[in-house]
Amino acid sequence: MSEINKEEISAFAAQLVADKLSSGKDNGELRAEIEAKINEKIAHETERNQIMRKLQLEELEILRYFDAFCREHKLHYYIVGGTLIGAVRHKGFIPWDDDIDVSMPRKDFDRLLKIAEEKLSPDYFLQNQKTEKGCYFYYAKLRKNGTYFGEDKFEHLPLHKGIFIDIFPLDFLPSQSILQKLSFKAFSLLGGFICSKEKTTEFLYKNMSLPFIVTFRILQCLLPKWFLLSFRKFLGKLLNLLSNKKYLASLSGFHGYPQEVCPAELWGEGVDIEFEGTTVRAPSEYHRLLTHMFGDYMVLPPEEDRVNHSVETDKIRFSGCTNEDYKPKIKRKRSHRYYSVDYDVYPIE
């Protein structure tokens, strides 16, 4: 895990000194108070780093199980995104990263969903639209039972909330760039409708015009959730049928078009790569794939871009959780989110 951020501590100390100097206290009293506050801040950051590292190791355990499961059942998968960058650049996690992402070709992804019904260890839960009624995302999550990872966007939903790794399906797309771009726009729009219905915390209308927002709201009210989910699934199948099998894309990927679209040959059969002392699978041409998606991925990003899920440490639990813990903690009344307007949140009594 990353070391304590010295610049953040320095800024905290400088602000603290400025605040205390205006209080009128004598120097000895001020110094003791400032030192106590700085030590408290350092202790808090140290504890957070320790918990984040423990979280990484818990996710690594899930990845090891997933890797063994895929090898046993001859399923193709690849680590992707920040996980793949971490493997190449750090031989493990990016120091500030707190999740693991993998991708699977569509046929392997669908086969995983089928095999898992009978073969998956009882220690784990494969979360998808088939195994959990309230699940709305296009990908899947392999969660560890008995654990808890309290992401804000799921706190109001009746979903399993265990520590997890993300599993993204890779779909074939047509070769024409215009069709690829339209595919991602369609999936983005469908995702916006679905997230709006689920009252998630993603901004839905950021930088959108008023006519678009009004049209979106009308359609969001008219189109039922079952239709949106079914149409998204149908669209994915249609794109696979229309393709010539030359391009693969993660239609639910974070980066969108064109970063998420790559020639199928870059993925290939996959190769072994080291990650935190274990061996996992990576795309055959991972250097070309990462360069396409991120440019010079070996250069560390600026401090302000080193982000993660930002889950509070008191919402992370490593054992002892039951289905009761996964029940909604809050309810949200407003069915949309845009600009600085947020949902009305109410505790569930």
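Position 1 is the first residue of the sequence; numbering continues from there.
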Crowded around [X] [atom1]? As in, over 12 foreign heavy atoms under 6.0 Å?
X: K331; atom1: NZ; result: no
X: Y78; atom1: OH; result: yes
X: K114; atom1: NZ; result: no

message: On a heavy-atom basis, which atom in Q127 and which in L159 lie closest, and how many Å separate them?
response: NE2-CB, 3.7 Å
- request: Kindly give the heavy-atom pair with the smallest separation between L173 and F184, and that separation in Å.
  value: CD1-CE1, 3.9 Å
message: Whether K141 engages the ring of F137 as a cation-pi pair (distance to the six-membered ring centre under 6.0 angstrom, angle to the ring normal within 45°) should be assessed.
response: yes
- prompt: Checking K161 against F149: charged group under 6.0 Å from the ring centre and within 45 degrees of the axis?
  reply: no
For the backbone of [Y] and the side chain of [X], can you confirm whether one donor and one acceptor N or O come within less than 3.5 Å of each other?
X: R281; Y: E269; answer: yes
X: D108; Y: H76; answer: yes
X: H292; Y: V261; answer: yes
X: T83; Y: I79; answer: no
X: S284; Y: W267; answer: yes
X: K197; Y: L223; answer: yes
X: T147; Y: K144; answer: yes
X: D99; Y: D97; answer: no
X: E260; Y: H255; answer: yes
X: H160; Y: Y326; answer: no

query: Taking the six-membered ring for Trp, are F231 and F227 parallel (under 30°), tilted (30 to 60°) or perpendicular (over 60°)?
result: parallel
- prompt: Where does the angle between the aromatic ring planes of F187 and Y138 fall among parallel (under 30°), tilted (30 to 60°) and perpendicular (over 60°)?
  reply: perpendicular
message: One pair to check against side chain to side chain contact (heavy atoms under 4.5 Å, CB included): L248 and R106. What are the steps and the verdict?
response: CA-CA 10 Å; L248 280 170; R106 169 58 66 178; over 6 Å; no
message: Within the 4.5 Å heavy-atom criterion, are V102 and Y139 side-chain neighbours or not?
response: no
Using a distance-only test with no angle check, is there a side-chain donor-acceptor pair under 3.5 angstrom linking [X] and [Y]?
X: N240; Y: D171; result: yes
X: S175; Y: N244; result: yes
X: Q50; Y: R53; result: no

message: For F216 together with F193, are the ring centres under 6.0 Å from each other?
response: yes
- prompt: For the residue pair F66 and Y77, is the inter-centroid distance of their aromatic rings smaller than 6.0 Å?
  reply: yes
- request: Begin with the C-alpha distance, continue with both residues' side-chain angles, and end with the deciding distance and a verdict on side chain to side chain contact (heavy atoms under 4.5 Å, CB included) for I273 and T279.
  value: CA-CA 6 Å; I273 193 170; T279 300; over 6 Å; no
Is [X] salt-bridged to [Y], cutoff N-O under 4.0 Å?
X: E324; Y: K327; value: yes
X: R71; Y: D67; value: yes
X: E198; Y: K225; value: yes
X: R317; Y: D325; value: yes

- request: Please lay out, stage by stage, how Y148 and I163 fare under the test side chain to side chain contact (heavy atoms under 4.5 Å, CB included).
  value: CA-CA 6 Å; Y148 192 92; I163 295 171; over 6 Å; no
query: Can F93 and F275 be said to form a side chain to side chain contact (heavy atoms under 4.5 Å, CB included), step by step?
result: CA-CA 7 Å; F93 283 97; F275 184 85; 4.0 Å; yes
